[in-house]
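Everything numeric in this text was worked out from a predicted model, so none of it was measured. For reference, positions follow the sequence shown, starting with 1.
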Amino acid sequence: VQLQASGGGLVQAGGSVRLSCEASGSIYNIDSMRWYRQAPGKERELVAAASSGSNIRYADSVKGRFTISRDNAKNTVHLQMNSLAAEDTAVYYCNARGVTLTTWHRYLKVWGQGTQVTVFS
């Protein structure tokens with residue numbers, strides 16, 4: 001199983017960026033797809049999570065500005081980030097939890113490579 005993230009870049013404060021992450025492999029189900037971020041000198045933090053049962057949650061710092069969405073048929077997750085601020089600058093990581101393959105092998109946690117989002121004013 002691999003997670004491929006895309007969509008980061010340089011964006012002006014107040015602007016928007018959309019991140020995407022696609023899981024590849026012989027996947028039967030993914031319990032939860034998430035976005036984390038890690039700013040320089042800080043610990044990695046959960047930004048948003050979307051379960052296969054449509055349960056969604058956000059970090060307080062991004063509520064009302066970020067929207068996570070999943071396409072279960074395509075094993076993809078997106079993060080629409082609006083009203084970006086300097087404090088949103090970080091490397092964003094895609095994460096999948098509870099990945100079941102068609103062979104019934106199960107991965108508890110899979111990480112994608114990070115994608116840098118830099119917000120400038």
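- A single hydrophobic cluster is seen to contain both Y58 and L19, as judged by linkage of ILVMFWY side chains at heavy-atom distances under 4.5 Å, directly or through other members.
- Pairing each heavy atom of N29 with each of S52, the nearest pair is OD1-CB, 4.2 Å.
- Of the inter-residue distances, the one linking R18 atom CZ with N82 atom CG reads 10.5 Å to the nearest 0.5 angstrom.
- Crowding of Q113 atom CD: a count of heavy atoms from other residues, nucleotides or ligands under 6.0 Å exceeding 12.
- A chain of hydrophobic side-chain contacts below 4.5 Å, direct or via other Ile, Leu, Val, Met, Phe, Trp or Tyr residues, connects L3 to Y107.
- Residues V47 and V11 share a hydrophobic cluster, clusters being chains of Ile/Leu/Val/Met/Phe/Trp/Tyr side chains in contact below 4.5 Å.
- Using a 4.5 Å heavy-atom cutoff, the side chains of M81 and W35 are not in contact.
- Placement of V91 and V119 in two distinct hydrophobic clusters is found when ILVMFWY residues are connected by side-chain heavy-atom separations under 4.5 Å, directly or transitively.
- Within the structure, every pair that satisfies the ring pair (Phe, Tyr, Trp, His ring centres under 6.0 Å) test and touches residues 9-30, not counting sequence neighbours, is listed here: Y28-W104.
- Put simply, CD on E43 and CD on Q38 are 8.5 Å apart, with the number rounded to the nearest 0.5 Å.
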Show me, pair by pair, the donor-acceptor contacts under 3.5 angstrom made by side chains of residues 93-102, not counting sequence neighbours?
residue	atom	partner	partner atom	Å
N95	OD1	R97	NE	3.4
N95	ND2	V110	O	3.4
R97	NH2	Y36	OH	3.0
T100	OG1	R106	NH1	2.8

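- Among residues at least two apart or in separate chains, there is no disulfide (SG to SG under 2.5 Å) pair with a member in residues 40-91.
- Residues Q4 and S6 bring no donor and acceptor atom of their side chains to less than 3.5 Å of each other.
- In summary, of the residues considered (T118, T89, V17), a side chain to side chain contact (heavy atoms under 4.5 Å, CB included) with L84 occurs for V17 alone.
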Side-chain donor-acceptor distances from residues 62-74 under 3.5 Å, at least two apart:
residue	atom	partner	partner atom	Å
K63	NZ	D60	OD1	3.1
R65	NH1	S83	O	3.0
R65	NH1	D88	OD2	2.7
R65	NH2	S61	O	2.9
R65	NH2	D88	OD1	2.9
R65	NH2	D88	OD2	3.4
R70	NE	N72	OD1	2.9
R70	NH1	I30	O	3.4
R70	NH1	D31	O	3.4
R70	NH1	A50	O	3.1
R70	NH2	I30	O	3.0
R70	NH2	N72	OD1	2.9
D71	OD1	A73	N	3.2
D71	OD1	K74	N	3.3

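- Considering all non-hydrogen atoms of both residues, A59 and L46 come closest at CB-O, 3.4 Å.
- A90 pairs by the side chain to side chain contact (heavy atoms under 4.5 Å, CB included) definition with R37, A39, Y92, not counting sequence neighbours.
- The other residues sharing a hydrophobic cluster with F120 are L10, where clustering joins ILVMFWY side chains under 4.5 Å apart.
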